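Notes follow once the structure below has been shown.
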Amino acid sequence: MKAARIHAYGDPSEIRIEDAPLPTLNDDDVLIRTVATSVNPVDWKIRKGYLKSYIPYEMPLIMGWDVSGIVEKTGAAVTKFKPGDAVYSRPDIRRNGAYAEFIAVRESEIAFKPATISHIEAASLPLVSITAWESLFTTANLTSGQRVLIHAGAGGVGSIAVQLAKARGAHVTATASAAKLALVKSLGADEVIDYRCQDFASVAKDMDVVFDTLGGEVQEKSWSVLKPGGMLVSITDRPSEERAKAEGKRAGYVFIDPNAAILTELARMVDAGQVRPVIGAEFGLNDTAKAQELSETGRATGKIVIYVGHP
Ligand SMILES: NC(=O)c1ccc[n+]([C@@H]2O[C@H](COP(=O)([O-])OP(=O)(O)OC[C@H]3O[C@@H](n4cnc5c(N)ncnc54)[C@H](OP(=O)(O)O)[C@@H]3O)[C@@H](O)[C@H]2O)c1
């Protein structure tokens, strides 16, 4: 099969478009024919070797841990899916990813794709949606009427987080640069902050939840906008428990695993018109290196998708 692989950690020039063996299937695996995949920052972080002490990858490695496609074949123990089903998944990052014509994914990590959107759109959703869901709902327990500040509301995670928070009935404030404020408003943000012209910490206040997608100084300054008892939940730098305690606030940290139950509920919300994919750029498999370079700028709008093949 055709795949984009790396044989060593390094810069985008390490990505080779080449023939790779078809994945072998375990009994609980589904072989998915990839229609589309998408790029997440974790892809290029892994390519650069940042996660190598955490996950000992064998080379060559296929990156890309989002997939939307068609079931080609099922392992002997699979009961939920059959060949021809349209599915989507955020598969296990410890295995080969979906920058390839086929990927083997555990049945438990797969959900039926939303019916009302294309595979290209569906491929943009799994990883960022599970992340936003687990951060806002599972960890911060965001409820209707609460106030939430979402950093980088136009990014891959942020653009879904704004919509999920709004669907939950929260009052949503989100940061973005000027050119992206209209997009963030169209996703449902009640208030937007141009973070380059305004100090968010002097504008936002009394937040029940801050969703930190940036870390560093942004996280540091975020404590001050929380009300007493409020939660700072991050997906980048783990927030200090000591600081939280000292301020009478709470700290949360999320690093996601596959979650088909969330994807099933998300598909229902997409088909009900409550959440829409936000795609800022589309590439072909041959241009995977360019797609990762764009992600690495940190300036992407919504998701960067990679189209692999039919339908
Ligand atoms: N822990 C986990 O399980 C997990 C899961 C998913 C992602 N992550 C991590 O979360 C981070 C975000 O991921 P992502 O996919 O959303 O990234 P992304 O799509 O690449 O984010 C890009 C966006 O960030 C915005 N941005 C950059 N600096 C900003 C600032 N100071 N204030 C407001 N917006 C700013 C950019 O807007 P402008 O162009 O307007 O600046 C751009 O729209 C990454 O580090 C990723 O690795 C962690």
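This one's a predicted model, so the numbers in the text were calculated from it and none came from an experiment. Indexing begins at 1, ligand by ligand and atom by atom, following the structure's order.
- No hydrogens or angles considered: a donor-acceptor pair under 3.5 Å links the side chains of E191 and H171.
- Ion pairing between a basic and an acidic side chain is recognised when a charged N comes within 4.0 Å of a carboxylate O; R147 and D206 show no such pairing.
- Set against the non-hydrogen atoms of T236, the atoms of ligand 1 under 4.0 Å away are 10 (O), 11 (C), 45 (O).
- Below 3.5 Å of separation, one finds no N or O of V42 facing any N or O of ligand 1.
- Contact annotation: T297 has no heavy atom less than 4.0 Å from any atom of ligand 1.
- Listed by atom number, the atoms of ligand 1 under 4.0 Å from F255 heavy atoms are 1 (N), 2 (C), 3 (O).
- Between the CD1 atom in I110 and the CG atom in D29 there is a gap of 8.0 Å [rounded to 0.5 Å].
- Protein heavy atom in closest approach to atom 41 (O) of ligand 1: Y195 OH, 2.3 Å.
- A111 and L263 make their closest contact through CB-CB, 3.7 Å (heavy atoms, listed as atom of the first residue, atom of the second, distance).
- Only the side chain of R196 comes within 4.0 Å of ligand 1, counting heavy atoms alone; its backbone N, CA, C and O stay farther away.
- With 3.5 Å as the limit, one finds no donor-acceptor pair spanning the side chains of S159 and R276.
- Checked against the 6.0 Å centroid criterion, the rings of H119 and Y88 do not qualify as a close aromatic pair.
- In this structure, the protein non-hydrogen atom closest to atom 25 (C) of ligand 1 is A152 CB, 3.7 Å.
- Nearest protein heavy-atom contact of atom 37 (O) of ligand 1 is K180 NZ, 3.4 Å.
- At the shortest separation from atom 36 (C) of ligand 1 among protein heavy atoms lies G298 O, 3.4 Å.
- The protein heavy atom nearest to atom 3 (O) of ligand 1 is I256 N, 2.9 Å.
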Criterion side-chain hydrogen bond (donor to acceptor under 3.5 Å, both in side chains) on Y99 and Q292, from CA distance to verdict: CA-CA 11 Å; Y99 292 175; Q292 281 201 0; 3.1 Å; yes
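- More than 12 heavy-atom neighbours from other residues, nucleotides or ligands sit within 6.0 angstrom of NZ on K227.
- At a 4.0 Å heavy-atom cut-off, ligand 1 touches R299 through backbone and side chain alike.
- With ring centers used as reference points, F112 lies under 6.0 Å from F81.
- The protein non-hydrogen atom at the shortest distance from atom 5 (C) of ligand 1 is T131 OG1, 3.2 Å.
- Atoms of ligand 1 lying under 4.0 Å from any heavy atom of V254, numbered from 1 in the order shown and given with element: 1 (N), 2 (C), 3 (O).
- For NZ of K221, the number of neighbouring non-hydrogen atoms (other residues, nucleotides, ligands) closer than 6.0 Å is greater than 12.
- Of all atoms in ligand 1, listed by their number and element, those nearer than 4.0 Å to a heavy atom of T213 are 10 (O), 11 (C), 12 (C).
- V87 is not connected to Y307 by any chain of hydrophobic side-chain contacts under 4.5 Å among Ile, Leu, Val, Met, Phe, Trp and Tyr, and they are in different clusters.
- The nearest protein atom to atom 48 (C) of ligand 1, hydrogens excluded, is given as I235 O, 3.2 Å; this is a heavy-atom distance.
- In terms of heavy atoms, L25 sits closest to K73 at CD1-O, 4.2 Å.
- Polar contact check, V218 against ligand 1: no nitrogen or oxygen pair lies under 3.5 Å apart.
- When each atom of ligand 1 is checked for a heavy atom of A300 under 4.0 Å away, the hits are 22 (C), 23 (C), 42 (C), 43 (O).
- When non-hydrogen atoms are compared, ligand 1 lies under 4.0 Å from the backbone of S177 as well as from its side chain.
- The single protein non-hydrogen atom nearest to atom 20 (O) of ligand 1 is P41 CG, 4.0 Å, given as residue, atom name and distance.
- Residue-level proximity to ligand 1 for K45 is carried by the side chain, the only part with a heavy atom below 4.0 angstrom.
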